[in-house]
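In each ligand, atom 1 is the first atom listed, and ligand 1 is the first ligand listed. Start at 1 with the first residue, then count along the sequence.
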Amino acid sequence: MAAQLLDGKVMSDALRAEIAEKVAALKAKGVTPGLAVILVGEDPASQIYVRNKGIGCEQTGMHSVTIRMPEETTQQELEEQIRALNNDPAIHGILVQLPLPKHLDEAAALAVIVPEKDVDGFHVQNAGKLLNGLNGVVACTPKGALEMIRRTGVNLSGKEAVVVGRSNIVGKPMAVLLLQENCTVTICHSRTADLAAHTRRADVLVAAVGKAKFITADMVKPGAIVIDVGINRVDGKVVGDVDFDNVKEVAGWITPVPGGVGRMTITMLLQNTLEAAERTLA
Ligand code: NDP
């Protein structure tokens, strides 16, 4: 294997140890960081994500609650629950696990979370702050991906970065973060003409598409940093958007799936919850 592995588990373990120390310091001042996760319905993948978030809270000494609501929950019931958490001083971070059942309006629900407790960074106020270079809560997945890119030690200034995917929760904030690092950023999407011509120029390539093994070795510049955000289930196995086995022979650094960006995403959620709790003392 030519590429160095960017191991999300190793990085997360180190970061979670640091977070746990800060949590202990905050507890000594009388504040226990608290995360509330709202889970509506029975989506099996969501159940796993929510369980892992609870484990992360336990590892770092945070208080966590999971509020399980039935599939038939109404928009009003969901929003009332969010408002109750907005007003709960023991809760510093609120996360509504997505996707919500089809009859519910995700954007409307997320808008009800007070921006200070929006530890997912999905509220338009936090997204707007990121775009304007202001301090706000940064979405966990791109924040974690950037942390992994930074740990290569490569000077990002002036580098070509290509983000494949333009969702509000991954692609767009990822592109803004790379722009802040002074990369020259290209965002690709389903209407991009000649995708490979763009990806082959990338010193930093982020794949957030949702298609198994979509990025193949011939699309990657030798020595590139390749960040695989994708989580796809194929024959009961979780695989990324990058054809890992072949791309690792070309790239300089690569993230695995599982054990890559996904793990770091939860660690950034813990980080955001810690920071939200710290702000209550500021
Ligand atoms: P979305 O479905 O919201 O966005 C996918 C993006 O990929 C869209 O912008 C779409 O373009 C683009 N796309 C689709 N087909 C192509 C194509 N043929 N060529 C180029 N671009 C294409 O997904 P998300 O951003 O929410 O998630 C992306 C992946 O990351 C998924 O696998 C998801 O499960 C995973 N994920 C992982 C997380 C983690 O913690 N590791 C967290 C969040 C997501 P267009 O806009 O034109 O439709």
I'd like to check which ligand 1 atoms, numbered from 1 as shown, lie under 4.0 Å from a non-hydrogen atom of [X].
X	answer
I169	26 (O)
T265	39 (C), 40 (O)
F214	17 (C), 18 (N), 19 (N)
G165	6 (C), 7 (O), 9 (O)
N232	32 (O)

Donor-acceptor pair, side chain of [X] and main chain of [Y], under 3.5 angstrom:
X	Y	result
T255	L6	no
T199	V220	no
N246	A217	no
D241	G210	yes

Completion exercise
Under 4.0 Å between heavy atoms, the region of T141 that gets near ligand 1 turns out to be side chain
From the options [options], select the one whose nearest heavy atom is closest to [atom].
atom	options	result
atom 6 (C) of ligand 1	S167, P99, G210, A208	A208
atom 44 (C) of ligand 1	V170, I187, L195	V170
atom 15 (N) of ligand 1	H198, K211, R191	K211
atom 8 (C) of ligand 1	M174, R166, R263, H189	R166

Exercise for the section: Please confirm whether G171 comes under 4.0 Å of ligand 1, counting heavy atoms of the residue only. Expected result: no
Problem - Sub-4.0 Å heavy-atom approach of T192 to ligand 1 - result: no
Handout entry: N135 CG: over 12 foreign heavy atoms closer than 6.0 Å
Key = no
Handout entry: Other residues, nucleotides, ligands: >12 heavy atoms within 6.0 Å of E80 CD
Key = yes
Exercise for the section: For atom 2 (O) of ligand 1, find the nearest protein heavy atom and state the residue, atom name and distance (0.1 Å precision). Expected result: V209 O, 4.4 Å
Handout entry: Heavy atom of the protein closest to atom 34 (O) of ligand 1 (residue, atom name, distance)
Key = I231 O, 3.4 Å
Problem - Test salt bridge (Lys or Arg N to Asp or Glu O under 4.0 Å) applied to R150 and E181, step by step - result: CA-CA 10 Å; R150 282 201 182 123; E181 297 291 324; 2.8 Å; yes
Practice task
Give yes or no for whether the N/O distance cutoff of 3.5 Å, strictly under, is met between S190 and ligand 1.
Solution key: yes
Practice task
Just do the side-chain contact (heavy atoms from CB on, under 4.5 Å) check on I82 and I38 with the steps written out, would you?
Solution key: CA-CA 8 Å; I82 296 170; I38 301 177; 3.7 Å; yes
Practice task
Take I254 and D228, measure what side-chain contact (heavy atoms from CB on, under 4.5 Å) needs, and give me the verdict at the end.
Solution key: CA-CA 8 Å; I254 191 167; D228 190 352; 5.9 Å; no
